[in-house]
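Shown below is the structure under consideration.
Heavy-atom basis, side chains included; hydrogens, waters and symmetry copies ignored. Chain letters run A, B, ... following the sequence lines, proteins first, then strands; residues in each count from 1.
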Amino acid sequence: MASTETETRQTYLVFACGSSWYAVPAECAAEVVSFPELTRVPGAPMHLMGVFAHRGEVIPVVDMGMLVSGESEPTRRAVLVRLPRGTLALTASRVAGVSHVEGRLEPLGPSGVHLHLRGPARSAQRDVAVIEPEGLFDHLSQGG
Amino acid sequence: MAPGRRIAGMLLCRSGESRVAFAAREVATIELPRDMVRPVGAARQAFGEPEGAERVLVADSGEAVGVDALEIDAEPLEVLPVPVLLRTMGGGSLRGFVLARGMLWPLVSLVDFGRYLAPPEEVT
């Protein structure tokens, strides 16, 4: 995907965590779930809230607010992002639905998690940060 | 640990607000913290909670972990694999997750978790 593309052909699941909106490619957004009480993981960073068992798989839950801005946003809902290497749950306080995204898809920062968030972009009159899932997965695998 | 593997004989431990499980075969002795000759890490530390322990699990090779409370579970249970995302956490000590008592428990290696939590050796 070219970084200067003004409108993507892909569709995205658009969701919010707190006041920030995100878009994740619809092809890897498996479902939106309400998660149960989580099991904490020893040695996990602050943004990794814990895990829960879902259809025989252990799913890590990532607090998007804590990961991106350092401020936790209480919610029991999450978007399950399914990748070849595994599934992760990204917390979502609101889900807008599936739509196209317009804008530039360049990294929103030079390092850290912002390297895997792209924009500036808009979807349905909202500013969104487009999540690059594989890069985010790598970032989280290295401890975030 | 291979997917679908089962385990029988576990110590289900409480550490502050969190919980952690060990394979019973890995635990050589259970001691009181005051009886330990050198400082031991507490599982609470791995959850960002204040240090403290009521019992210490000790492996044959000497590694040890302090916990608040423990109970034994003898039922054979399936071990759910560790997600790729979590493989390096806890010093790489996670071996899987088990569903016991209606809850999910992280199953860790006592030896590796003990090394991860061990206080740094004092240089003399």
Side-chain angles (χ1 to χ4, degrees), chain A residues 24 28 30 33-64 66-67 70 72 76 78-91 113 116 131-144, chain B residues 1 3-6 12-22 41-49 57 65-67 77-110 112-118:
Chain A
V24 65
C28 58
V33 298
S34 293
F35 54 82
E37 185 184 343
L38 297 176
T39 296
R40 295 179 68 199
V41 177
M46 293 280 284
H47 58 258
L48 205 146
M49 296 172 68
V51 298
F52 67 103
H54 184 65
R55 296 176 186 152
E57 186 181 8
V58 175
I59 311 281
V61 179
V62 176
D63 182 336
M64 286 299 288
M66 182 60 74
L67 177 68
S72 184
R76 299 291 286 265
V79 174
L80 293 195
V81 175
R82 204 172 297 283
L83 298 170
R85 289 176 289 168
T87 304
L88 63 152
L90 306 179
T91 55
V113 67
H116 311 293
I131 294 170
E132 196 273 291
E134 289 286 353
L136 180 65
F137 195 96
D138 285 338
H139 175 72
L140 294 168
S141 300
Q142 291 154 16
Chain B
M1 189 168 281
R5 183 166 172 179
R6 295 180 78 82
L12 302 175
C13 302
R14 300 280 178 177
S15 307
E17 298 294 313
S18 300
R19 51 188 182 266
V20 66
F22 300 88
R44 281 169 169 248
Q45 297 166 238
F47 298 105
E49 296 183 33
L57 311 184
V65 173
V67 298
L77 296 167
E78 183 183 358
V79 179
L80 301 172
V82 178
V84 171
L85 215 60
L86 308 182
R87 282 186 185 161
T88 60
M89 288 175 194
S93 61
L94 272 173
R95 293 294 179 269
F97 290 85
V98 290
L99 276 165
R101 311 279 202 271
M103 293 178 284
L104 193 63
W105 302 68
L107 174 66
V108 300
S109 154
L110 177 57
D112 291 345
F113 199 39
R115 286 179 186 154
Y116 171 69
L117 294 171

Correct closest heavy-atom pair for G43(A) and Y116(B) would be CA-OH, 3.4 Å
Answer with side chain, backbone, both or neither: which region of L86(B) has an atom nearer than 4.5 Å to a non-hydrogen atom of chain A? side chain
Interface moiety of F97(B) toward chain A, non-hydrogen atoms closer than 4.5 Å: side chain
Contact origin within L117(B) toward chain A - heavy atom pairs under 4.5 Å: neither
To check you understand the geometry: which heavy-atom pair defines the closest contact between T88(B) and S141(A), and what is its length? OG1-O, 3.8 Å
Looking at CG of L85(B) and CZ of F137(A), how far apart are the two atoms once the value is rounded to the nearest 0.5 Å? 5.0 Å
Between S15(B), G48(B), G90(B), the one whose heavy-atom pairs under 4.5 Å with chain A are most numerous: G90(B)
Ignoring hydrogens, what is the shortest heavy-atom contact between T39(A) and R19(B)? Give both atom names and the distance. OG1-NH2, 3.0 Å
Nearest 0.5 Å please: distance from the CG atom of L104(B) over to the CD atom of E37(A). 11.0 Å
Side-chain contact test, heavy atoms from C-beta onward, threshold under 4.5 Å: evaluate it for P106(B) versus R40(A) and give yes or no. no
Looking only at S18(B), P83(B), S93(B), most heavy-atom pairs under 4.5 Å shared with chain A are made by P83(B)
Shortest non-hydrogen pair, A53(A) vs L80(B), comes out as CB-CD1, 4.4 Å
Would one find more than 12 heavy atoms of other residues, nucleotides or ligands at under 6.0 Å from atom CE of M103(B)? yes
Give the minimum heavy-atom separation between L140(A) and M89(B), together with the two atoms involved. O-CE, 4.4 Å
